[in-house]
Amino acid sequence: MSSVQEFTCPCCAGAIEFDISSQKMKCPYCGTEFEMDSLKGYDECLKQDGQDEMNWQIPSGQWSEDEASGMRTYVCNSCGGEIMGDSTSAAADCPYCGNHVVMTNQFKGSLRPDYVIPFKLDKEAAKEALKKHLCGKRLLPKVFKNENHIDEIKGIYVPFWLFDADADAHIRYRATKLRRWSDSNYNYTETSFYTLERGGNIAFDNIPVDGSSKMADDLMESLEPFDTSQAVDFSTAYLAGYLADKYDVTAQESIGRANKRVKSSTEDAFRRTTNGYTSVTPEATTIRLSNGKAKYALYPVWILNTSWRGKKYTFAMNGQTGKFVGDLPLDKAAYKKWLIALSSAFGVISSALLLLLYYLL
Amino acid sequence: MKKKILSIIVALTVCLSCAFTAYAAEIPDSRLLPRLVDDADLLSDSEEGKLLATLDEISERQNCDVVVVTVDTIGDNTATEFADDFYDYNGYGAGKNRDGILLLISMADRDWAISTCGYGITAFTDAGQAYMVEQFKPALSDGDYYEAFDEYAALCDDFLTQAKNGKPYDNGNLPKEFPYVGLIICIGASIGVAFLVVNGMKNKLKSVRTKTDADAYVRQGSMRIAQNRDIFLYRTVNRTKRSTESNSGSSHSSGSSTHSSSSGTTHGGSSGKF
């Protein structure tokens, strides 16, 4: 008994037939011809496509009785922000909205962080970094530097979920090669299409995902990277004098973000093993994670809030590396002025050179 | 005595007639025409007056006839033959070499022809003529005849002046056109570059960006490749016709090509349709 094998056309997805005249496999719909071997390989490759399996183990560390008793939780009645601190740090204002916070008496469970990266840079360093951040920006409104005042600088331990995993990936890329030549009458462009199959393993350590909904994700991601080799096992002692945000985005909810980053990096990493192609785009990616594990860590962040002309600007500094980020307002008038000035300057110079050549040659 | 007188009269007559024939080998006065002949009546009287004055002024100053002729039809002749013959027959040309240039326009089949003679052959090279025609042909095609002829006259003046400097306009030595296109490109590119620079400044204000990859978190040396296969699927070939347009200036060899008119005079020239 022979089984009838059907191939789909890689070009248009139609069913391919054997063409007698050319003795090749040919798609009756788009007319593309294929070698039998190519189709077999392509078919095998398609069969390997599958569903992603990206399961993670969620942390479950609990506070000990002693630790819990030394902790305080504060709730902001204005924005709902919830922060924690040890009994020594008296939080008065909400680090997010600046309103008064109320101490709730009992410290409610939630999870105990696994790791913490202690602050390495102090408040003064954050102030300096802001000054530097404002320097050398020509389109920053001049008055912003003088008029803005830092409402408050707060050192906050921001909750992060750290994801570790070994990824077992099977990726199918569609690649093209271009070749151009010409004869006396025509220019030719030949496009060769390939399917590239890549499979293998790659491991990730400590991909951070911001676990606080109060902290903008993009702001926190801009602070990366943190050096996790300096992370230490959590102890409440590190919280003295600082505030710690309580996670309000669970590890489960953060997984999507981590998966996306794992997938994109895996595709990129394996794409770098291809060479000689004009374009390489992933067509199907299957990633199976093993040993997927999430950890709960607190990362040190300095938050600086400043308001200018009724608008709030938030800056953040990586409390470990000093990386400073925060979007700044644009001086539209200066933008136009620079555009016009530079256009005219370049225009005059290039025209003058052109005319000089015209009259000299 | 009578015989003697008769013989003197005969001799005189012979001499006179000889002199007359000799002169007739030149051109009889009746056939000499002005430097503008508008038989096709393309110009108004005032335009004719102005153009003729211009042509006369240039011709006398440059000592080389610059002529414009318009006709309704050239009969069975080619435009070049007609222009050559018109030039020869009507006695154009300055000096013993009959230096000059004639532009003929025939309306029947919208022919133009340039006929050059004597020093005109030197001053108006093939490439030079092609350049001139390029300049005034658009106006001709649009029916702006006065404008076209005026441009032609100005070009002739320029070409003659240049030729007298010892280096007639020719291939590789054509009048330079003002680089309008280059200027527009310069200005456009300047705005583009300025835009890039200013946007670069603008981007400096933005430091908050979402991270989409986890490249920084790949465990060192953890990557292992188990499958690695490149399968060729198919190829397609597109072809586009090459543009055969080449620089019109380079199609002319340098110098002037010449031919003989029906009367045996050497002419240079070119012709075409407008």
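Lettering of chains follows the sequences in order, A, B, ..., and the numbering in each one begins at 1. Keep in mind that the numbers below use all heavy atoms, side chains included, and drop hydrogens, waters and symmetry copies.
Between B/Tyr234 and A/Phe193, the two ring planes are parallel [angle under 30°; tilted spans 30° to 60°].
The pair B/Arg219-A/Asp166 meets the salt-bridge criterion, since a charged nitrogen lies less than 4.0 angstrom from a carboxylate oxygen.
For B/Asp56, the salt bridge (Lys or Arg N to Asp or Glu O under 4.0 Å) partners are B/Arg35, not counting sequence neighbours. Under the rule for a salt bridge (Lys or Arg N to Asp or Glu O under 4.0 Å), B/Glu47 has no partner lying at least two apart in sequence or in another chain. Residues passing the side-chain contact (heavy atoms from CB on, under 4.5 Å) test with B/Lys50, sequence neighbours excluded: B/Tyr146.
Put simply, CG on B/Asp213 and OG on A/Ser265 are 4.5 Å apart, with the number rounded to the nearest 0.5 Å. Taking OG1 of B/Thr212 as the reference point, atom CD of A/Glu221 lies at 8.5 Å (rounded to 0.5 Å).
Across B/Val237, B/Leu233, B/Val198, the residue that shares the most heavy-atom pairs under 4.5 angstrom with chain A is B/Leu233.
Counting heavy atoms of neighbouring residues, nucleotides and ligands inside a 6.0 Å radius, atom CZ of B/Arg61 exceeds 12 of them.
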Full working for side chain to side chain contact (heavy atoms under 4.5 Å, CB included) between B/Asn199 and A/Tyr335: CA-CA 9 Å; B/Asn199 267 8; A/Tyr335 181 85; 2.7 Å; yes
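For A/Ser222 (side chain) and B/Arg209 (main-chain N/O), a donor-acceptor pair under 3.5 Å exists by modelled atom type. In this structure, the side chain of A/Ser38 engages the main chain of B/Phe232 through a donor-acceptor pair within 3.5 Å. Side chain of A/Asp327 to main chain of B/Ser207: a donor-acceptor pair is present (N/O by atom type, distance under 3.5 Å, no hydrogens or angles).
Taking 4.5 Å as the heavy-atom cut-off, the residues of residues 197-205 of chain A that approach chain B are A/Glu197, A/Arg198, A/Gly199, A/Gly200, A/Asn201, A/Ile202, A/Ala203, A/Phe204, A/Asp205, ordered by number.
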